[in-house]
Amino acid sequence: MTEDDALAAKGAPSEKGQARKPLIKLDKLSKHYGNHTVLDGIDLEVMPGEVLAIIGPSGSGKSTLLRCINYLEPPDGGHVTIGDISLNAAAPAGRSELSTLRRSVGMVFQSFNLFPHMTVLRNVSLAQERVLGRSRKNADERSMQLLSRVGLADKAEQFPGRCSGGQQQRIAIARALALDPDVMLFDEPTSALDPELGLEVLAVMRELAETGMTMIVVTHEMSFAENVSDTVMIMADGKIIEKGPSADVMRNPQQERTKRFLRAVHDR
Amino acid sequence: MLPSLEELSAWLPDLLSGLSISLQVTALSLLIGIPFGLLLALGVLAKSRLTKIVALFLVEVGRGAPALVLLQFIYFGLPTTGLTLGSFTAAVIALAWNTGAYTSEIIRASLQSIPHGQREAAVAIGLNRLDALRYVLLPQGLRVALPALLAFSILIFQGTSLCFTIALPELVSRAYEIGSNTFRYFPALLAAGVLYASISIPAALLVSHVEKRAGSYAQR
């Protein structure tokens, strides 16, 4: 079964009859810290509506890869293409390009990073007003929709500090969705949460996946990788070790490195 | 030793007008100095080398030179270059510089104390640098800085007493004047000291109150 077939089987939106173009394309993306190579020429394509889970040992470059996609950390070689925007890592990126890039990419962090001095509502509305130029009223209306969607409309006037970790992460998801991004990046979204709170975040992410949102999720949640994502990619030492439809990779890995990693995870 | 009631009522108008000048110099120095300190802090943190060097120079001179030397330099030193300032203006410039230099370090440290993830989140939701600073970093940084800024404000208020050396008729010079007219130096300075304390001590109480509240966001 090819990746596309897997997508189609899951009911991901696909335009039949015409060749589908990847939403995200990375060409030979690399990143170094001094002499240390963090990303070693990553080639990757993500189709619209695809949910890609990235798993792998710590220090394998998973998070860095995610952060290079929205230029939170500028890559130092290769190309990043998202929709119509294409950035060449060798040349310094212009401000307007970066702003367009970040507008089309939502990001959710391990440690939520909500703004503690603003109400939950302001957290979600701020970028709509400042980046999209929406009026306060329109922004707040949209924010309330998004907060309802993650089940937290009643927290709108609270400060983030009053919310549980799971609630904070759901608010962070609403905040990232507020710019109507084409793709959502999740950097270990449940790693800072206890298992129970992690579940409520995973439920929101699963719903989001079902609406056809393109998602790249760096995670240690193997059940999410296996059951929610369409594609799983294993990274180690800044390289892609193996990538394929989630069921194949998780149940029948081909590479020795993947087998070793999955065994270690299951033995815990 | 203590001033009599008659003496006090005779001196009080002079002393209060001196206090008023001290407070005016304090207020203006802070009003100019703290925004200046913010600019200097941003300058020191700037990527541009030139900006950084200019900001560092202003900070290091402002902190390195005693306030008394800055005062004397601006009041007595600048006229040799053709720029003559009144003692009030000279006092405000010197103390505003001093304030800017010290508060820039307070503000810089406060901005740097904000978790890195806050800036990243601001960038990730597409805010430009100015908006990230304005809506995310400064409100949090200034909240951290507030107690230290208020404490420094008390020091500047007390520092205005140095202005008697440039003939500014503030509180200490009024007390001196009374002393030299009546040879009652000690009681006059004592009265001035009580006036300083009547401002400084409540202000210090305010600082510790603010300190207790700062840092907790979920108050409302």
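As a basis for the values below, the full set of heavy atoms in this structure was taken, side chains included, without hydrogen atoms, waters or symmetry mates.
Open room surrounds CZ on B/F57; 12 or fewer heavy atoms of other groups in view lie less than 6.0 Å from it. Within a 6.0 Å sphere centred on CD1 of B/I201, heavy atoms belonging to other residues, nucleotides or ligands number 12 at most. Taking a 6.0 Å sphere around OH of B/Y196, one finds it holds more than 12 heavy atoms contributed by other residues, nucleotides or ligands. Around the CG atom of A/D84, the shell of radius 6.0 Å holds no more than 12 heavy atoms that belong to other residues, nucleotides or ligands.
The shortest heavy-atom contact between B/G126 and A/R102 is CA-CB, 4.2 Å.
Within residues 90-122 of chain B, the residues having any heavy atom closer than 4.5 Å to a heavy atom of chain A are B/G117, B/Q118, B/E120, B/A121, B/A122, listed by residue number. Among the residues in residues 36-55 of chain B, none has a non-hydrogen atom closer than 4.5 angstrom to a non-hydrogen atom of chain A. Inspection of non-hydrogen atoms places A/L126, A/A127, A/R130, A/V131 of residues 121-139 of chain A under 4.5 Å from chain B.
By the side-chain hydrogen bond (donor to acceptor under 3.5 Å, both in side chains) test, B/S173 pairs with B/E170, sequence neighbours left out.
Checked by atom type and distance alone, the side chain of A/H117 pairs as donor or acceptor with a backbone atom of B/Y135 at under 3.5 Å.
At a 4.5 Å heavy-atom cutoff, the contact between A/V105 and chain B is made by backbone atoms alone. Contacts of A/F115 with chain B are made by both backbone and side-chain atoms, with heavy-atom separations under 4.5 Å.
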Step by step, work out the side-chain contact (heavy atoms from CB on, under 4.5 Å) result for B/I125 and A/R175. CA-CA 8 Å; B/I125 61 169; A/R175 180 176 69 178; 4.1 Å; yes
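With chain B as partner, the option from A/V108, A/L101, A/L114, A/T100 having the largest number of non-hydrogen pairs under 4.5 angstrom is A/L114.
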